[in-house]
Amino acid sequence: MTSTSARSPLARLVAIPLGLDLWELHPDHAVLQADEAQASRLEAMGYAVEQLRLSESYLTDFATESAVTGYHSAQTLEEDLRQLADDNPEIAELHEIGHSVEGRPILALRLGERRGSSRKVAFLGCHHAREWISVEVPFLLAEDLVANASADPVREWLQRGEIWVAPMVNPDGHEFTRTPGNRLWRKNRRRNRDGTVGVDLNRNYGYMWGTLDIDTSSHTPADETYVGPRAFSEPESRAVRDLVARQAFGGVLTYHSYSQLILYPWGYTDEPIVDETDHREMRDLAGDMQRLIAGVHGETYTAQQSSRLYPTAGDTTDWTYGEYDVPSFTVELRPASALEGGFILPAGQIQPCWEENRPAAHAFIGHVLEKPA
């Protein structure tokens with residue numbers, strides 16, 4: 001979609017209460033999922049709407065049987081995490097940090113040789129159900145750390161501190177996307193009072209929760225970005241809240257898809273972080289991660305403040321930085337665009353996506369665990 005009127009800039013899309021599912025927002029075009037009524041209204045407002053493909057054809061092209069192969073279900077993820085812990089009890093310990101709306105365990109693997117260290121870092125995945133690659137990258141990180149536990153720098157990290165990995169924050173939503181016709185589901189599976197279903201878990205955290213009421217942070221329960229009835233209304237976001245409160249992490253990185261971005265606070269405002277030291281630390285580390293990723297397979301990930309993508313309130317990294325003053329990042333994984341699969345990344349790209357993100361994840365671990373006391 002493009003704009004045909006100076007009175008209708010693309011940036012205005014975020015503020016229009018249309019319940020849009022906005023996938024990409026660029027200076028010259030936007031990609032979104034809309035029904036016929038929404039598309040007609042956009043055209044009447046001065047936007048040029050081009051149908052890239054029907055949702056059905058998009059799913060036919062990308063959500064094939066082979067695309068499922070290689071991705072975890074909630075059950076196979078639990079089995080593989082338990083196997084990692086059982087096979088490596090000296091460094092790995094699996095924790096149930098909470099349960100989902102439908103009662104599924106939310107699991108976090110703790111890696112480290114000793115408990116009680118003051119140096120800890122966390123990696124999270126799959127706040128949004130349809131973002132399957134956001135499960136695989138943190139899981140492969142955990143597997144990689146276990147496999148390399150006897151060699152530096154991993155050995156030193158595990159001796160010095162703790163690395164926590166929670167690859168699937170939203171197991172109910174993720175399982176729902178595995179059922180026919182629901183591959184693009186985003187939220188959890190909360191039944192709302194008006195009969196709709198789902199809360200956007202990455203709009204449900206407490207810092208600046210509810211301060212925006214726009215398409216990317218909506219107070220309308222039917223919308224894809226519904227913030228919930230109150231901050232931490234959902235058991236999944238409370239599980240993360242309680243884990244972070246208990247462990248006092250020195251840094252948090254959360255994986256999403258898609259767009260190939262490295263985002264840092266703030267999301268709720270266009271204003272930069274006021275503390276120049278903090279701002280420089282996250283800006284520079286994001287730039288370092290961008291270069292490390294590009295050095296593997298040549299893929300470009302753009303480092304930027306989160307609100308430059310679009311404004312959000314109540315997301316994970318605003319909360320961990322706003323409440324705990326620790327380096328906090330969102331990495332939007334492959335692919336770069338909807339035309340390359342969008343939320344449905346071919347399974348053959350799991351490994352290269354992990355490979356390019358490995359050095360960035362290691363850099364983040366090193367930055368947090370090796371920081372002078």
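Here the structure is a predicted model, which is why all the values come from computation and not from measurement. Positions are given from 1, in the same order as the sequence printed here.
In summary, of the residues considered (I214, V227, L212), a side-chain contact (heavy atoms from CB on, under 4.5 Å) with H219 occurs for V227 alone.
With sequence neighbours excluded, the residues that form a side chain to side chain donor-acceptor pair (under 3.5 Å) with H362 are D144. Taking D194 as the reference, T196 meet the side chain to side chain donor-acceptor pair (under 3.5 Å) condition, with sequence neighbours excluded. S233 is linked by a side chain to side chain donor-acceptor pair (under 3.5 Å) to N204, counting only residues two or more places apart in sequence or in another chain.
Between T317 and T320, the side chains place no donor N or O within less than 3.5 Å of an acceptor N or O (distance only, hydrogens not considered). Residues E136 and Y255 bring no donor and acceptor atom of their side chains to less than 3.5 Å of each other. Side-chain contact check for N357 and Y301: at least one donor-acceptor pair (N or O, by modelled atom type) lies under 3.5 Å. A donor and an acceptor atom, one from each side chain of E236 and H127, are nowhere located under 3.5 Å apart. With hydrogens and angles left out, the side-chain atoms of S307 and Q305 include a donor and acceptor closer than 3.5 Å. No hydrogens or angles considered: nothing links the side chains of E356 and H297 as a donor-acceptor pair under 3.5 Å. Side chains of H128 and D200: a donor on one and an acceptor on the other come within 3.5 Å. If you check the side chains of Y71 and H174, you find no donor sitting under 3.5 Å from an acceptor. H99 and E96 form a side-chain donor-acceptor contact under 3.5 Å, judged by distance and modelled atom types alone. Using modelled atom types and a 3.5 Å distance limit, the side chains of N202 and T316 yield a donor-acceptor pair. In this model, no donor atom of one side chain and acceptor atom of the other lie less than 3.5 Å apart for Q83 and E79. For the residue pair S237 and E234, no side-chain donor N or O sits within less than 3.5 Å of a side-chain acceptor on the partner. Residues E370 and W157 have side chains that bring a donor and an acceptor to within less than 3.5 angstrom of each other.
Side-chain contact check for F343 versus I133: every heavy-atom pair is 4.5 Å or farther apart. For the pair T330 and S306, the minimum side-chain heavy-atom distance is 4.5 Å or more. By the 4.5 Å heavy-atom criterion applied to side chains, I106 and P171 are counted as neighbours. Looking at heavy atoms from C-beta onward, Q260 lies out of side-chain contact with V331 at the 4.5 angstrom threshold.
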**Request:** Let me see the working for L77 and F139 under side chain to side chain contact (heavy atoms under 4.5 Å, CB included), right down to the final yes or no.
**Result:** CA-CA 8 Å; L77 177 68; F139 171 76; 3.9 Å; yes
**Stepwise ring-ring contact (aromatic ring centres under 6.0 Å, His included) check, W132 with H72** = CA-CA 8 Å; W132 289 10; H72 282 95; over 10 Å; no
**Request:** Check the pair E175 / R189 against salt bridge (charged side-chain N to carboxylate O under 4.0 Å, His left out), numbers first and verdict last.
**Result:** CA-CA 10 Å; E175 284 304 289; R189 295 297 295 164; over 6 Å; no
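A salt bridge links R110 with E162: the distance from a Lys NZ or Arg NE/NH1/NH2 to an Asp or Glu carboxylate oxygen falls below 4.0 Å.
Using the six-membered ring where Trp is involved, W266 and Y207 have ring planes that are parallel, under 30° apart on the 30 and 60° scheme.
In this structure, R334 fails the cation-pi test against Y258, since its NZ or CZ atom is not both closer than 6.0 Å to the six-membered ring centre and inside 45 degrees of the ring normal.
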